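I have placed the structure first, in the form of structure tokens, so that the comments after it can refer back to it.
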Amino acid sequence: MSQIALSNVSKRYPGGHEALNGVSLAIETGEMVFITGHSGAGKSTLLKLIAAIERPTSGSVVVNGQNVGSLRARGIPFLRRNFGLVFQDHKLLFERSVFDNVMLPLDITGFDRREGARRARAALDKVGLLHKEKARPITLSGGEQQRLCIARAIVHRPSILLADEPTGNLDAGYAADIGELFRDFNRVGVTVVLATHDTQLAARLQPRQVEIRGGRVHHD
Amino acid sequence: MTSWLAAHRRACSGTLARLLRAPLASLFNIAVIGTALALPLGFYVVLASLQGLARDYSPQPQLSLFLAPEASAAEARAIGERLKARSGISASRFVPRAAALETLKARTGLDDIIAGLPGNPLPDAWVVTAAGADAATLDGLRGEFRQWPKVAEVHVDSDWARRLDQLLGLGRHAVLLLATALAFALVAVTFNTIRLQILTQRDEIEVAKLIGATDGWIRRPFLYFGAITGTAGGAAAWLMVWAVLALFNDRLQPLAALYGLPLQLAHLDAGDSLTLLVFAAALGWFGAWLSVRRHLGAYNPR
Ligand SMILES: Nc1ncnc2c1ncn2[C@@H]1O[C@H](COP(=O)(O)OP(=O)(O)OP(=O)(O)O)[C@@H](O)[C@H]1O
Ligand SMILES: [Mg+2]
């Protein structure tokens with residue numbers, strides 16, 4: 001059974017706009033998949049459906065054998081802890097320090113504070129932000145904020161990484177580093193699903209590519 | 001288990017830190033809650049003191065049986081025998097009319113006027129101390145004595161204590177009503193404070209939920225906040241009442257000395273104080289719970 005399975009999924013937003021229209025897609029454990037497509041194609045929507053941030057209008061989204069679309073509200077937090085989420089708009093907490101932002105996923109699961117701090121620093125180190133751990137996110141550049149978001153997504157060692165445009169604001173050097181990071185994760189068995197326009201990254205990592213066009217899977 | 005405890009400790013210290021980060025707003029909040037609680041608390045304390053006073057200083061309940069003017073000495077003695085035989089009476093004393101007149105003279109100093117009277121207007125009387133002090137017993141005795149031959153009138157001397165008691169009963173009801181109304185106020189104050197906090201921390205709540213926080217985890221600091229401000233408000237109310245009582249008792253001192261009464265208002269004892277704090281904490285917690293329940297639903301997926 002696939003780790004992530006979408007069958008005939010449609011998503012119509014309240015405004016009436018149909019973002020996805022009959023998408024079927026299966027992703028196996030340990031795969032690395034790039035979701036591509038023009039702006040507004042529905043890449044972010046696809047990731048949000050997998051993470052139960054949006055519910056499908058029709059069709060089913062199954063993650064680890066659980067039907068995400070019909071999951072009850074109290075089950076959603078536990079589903080989401082399987083994921084590392086990198087948001088297109090970062091969703092950082094600007095009242096908290098860089099370090100506390102990275103601690104958040106560990107805090108919410110009641111992770112041991114001291115071991116958590118060690119892991120948070122390791123994650124910050126991986127994205128090259130350890131020297132900024134006391135800073136506020138507002139003082140970081142766009143690329144640094146993006147890396148902070150990635151550190152937060154990997155700190156709790158999720159089994160699935162869902163990243164929405166993780167290299168959008170990064171220069172080529174950092175984009176390559178982040179790409180390597182994702183590859184390392186993928187090598188130790190983490191399923192990586194990336195929504196991206198970054199053709200250079202795709203060329204370097206040679207992942208499976210799924211193109212969305214017109215609300216459907218155009219090319220797999 | 002230990003991680004659960006640690007999580008609670010963290011939420012608790014986080015809440016305290018948040019209170020200290022906005023000390024003025026927190027103080028204001030606590031003052032509002034304190035004032036809301038201090039009103040019924042003050043009334044309660046005054047009532048409790050008055051009640052103690054009424055209990056300690058109501059005289060032994062006495063009934064005076066005034067005999068008809070034409071009653072003979074033998075008839076008066078017969079009534080005395082009957083009183084002795086009657087159960088429920090702890091003592092009885094005969095006051096002859098002459099003695100009553102002497103007492104009146106001595107007490108009032110109205111010798112001249114009394115001397116000018118054509119005769120002694122006072123009747124013979126039996127003064128009876130009842131064994132029970134409750135209103136029903138006294139009323140029963142009074143009704144019974146009235147039926148007796150040659151008894152013209154029966155007075156219950158502790159009527160004032162009873163009236164005070166009834167008045168205090170009324171006061172207790174008023175305190176209860178006031179406390180209920182102000183408990184609502186406390187809940188409303190916390191409800192609103194938490195609502196504002198949820199609004200200002202909208203981003204934090206949203207992000208926490210996105211990365212897998214349970215509703216319980218998100219709720220916890222708000223509930224702690226409600227309980228902690230409630231407790232602090234209760235303590236503030238206690239202090240306010242304490243300060244007012246200290247002032248008041250000071251003023252009351254000369255008056256108390258004048259009447260030879262221990263007219264001092266006592267503050268809550270340790271048990272009642274604890275009850276107050278627990279009650280305030282529970283109300284704050286409840287207000288927060290209502291607010292969180294009402295305002296956190298908006299973060300679930302559609
Ligand atoms: N919350 C929403 N309400 C209404 N419409 C939405 C909402 N989110 C997205 N859409 C619409 O759905 C379509 C797909 O959006 P989505 O964000 O999935 O695109 P995308 O492929 O991620 O684009 P981009 O590359 O620009 O990030 C867009 O036309 C967008 O306007
Ligand atoms: Mg997008």
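Below, all heavy atoms of this structure are taken into account, side chains as well, without hydrogens, waters or symmetry copies. In what follows, chains are A, B, ... by sequence order, proteins preceding strands, each numbered from 1. Keep in mind that this is a model prediction, so the values were computed, not measured.
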Please tell me if the side chains of B:Trp217 and A:Thr109 come closer than 4.5 Å, counting only heavy atoms from C-beta onward. no

Please indicate whether B:Phe28 has more than 12 foreign heavy atoms, meaning atoms of other residues, nucleotides or ligands, lying under 6.0 Å from its CZ. no

For B:Ile211 and A:Arg152, which heavy atoms make the closest approach, and how far apart are they? CD1-CD, 4.5 Å

Should we count CZ of A:Phe185 as having more than 12 external heavy atoms under 6.0 Å? yes

Step through the shown structure and confirm whether more than 12 heavy atoms of other residues, nucleotides or ligands are within 6.0 Å of CZ on B:Phe286. no

Return the CD to CG distance between B:Gln201 and A:Leu93, rounded to the nearest 0.5 Å. 10.0 Å

Pair up each side-chain donor or acceptor in residues 120-130 of chain A with any protein partner under 3.5 Å, not counting sequence neighbours, and list the distances.
| from | atom 1 | to | atom 2 | distance (Å) |
| --- | --- | --- | --- | --- |
| A:Arg121 | NE | A:Glu133 | OE1 | 3.1 |
| A:Arg121 | NE | A:Glu133 | OE2 | 3.2 |
| A:Arg121 | NH2 | A:Glu133 | OE1 | 3.2 |

Quick one: which of B:Gly216, B:Ala213, B:Ala208 has the most heavy-atom pairs under 4.5 Å with chain A, could you say? B:Ala213

Are A:Arg81 and B:Thr214 close enough that some pair of their side-chain heavy atoms sits under 4.5 Å apart? yes

Begin from the C-alpha positions of A:Arg96 and B:Glu204 and carry the test side chain to side chain contact (heavy atoms under 4.5 Å, CB included) through to its verdict. CA-CA 10 Å; A:Arg96 300 205 188 190; B:Glu204 238 177 291; 2.4 Å; yes

Look at atom NE2 of A:His131 and say whether more than 12 heavy atoms of other residues, nucleotides or ligands are closer to it than 6.0 Å. yes

Please name the pair of heavy atoms, one in B:Glu206 and one in A:Lys91, separated by the smallest distance, quoted to 0.1 Å. OE2-NZ, 3.4 Å

Name the region of A:Phe94, side chain, backbone, both or neither, that has any atom closer than 4.5 Å to a heavy atom of chain B. neither

Part of A:Arg74 lying under 4.5 Å from any heavy atom of chain B: neither

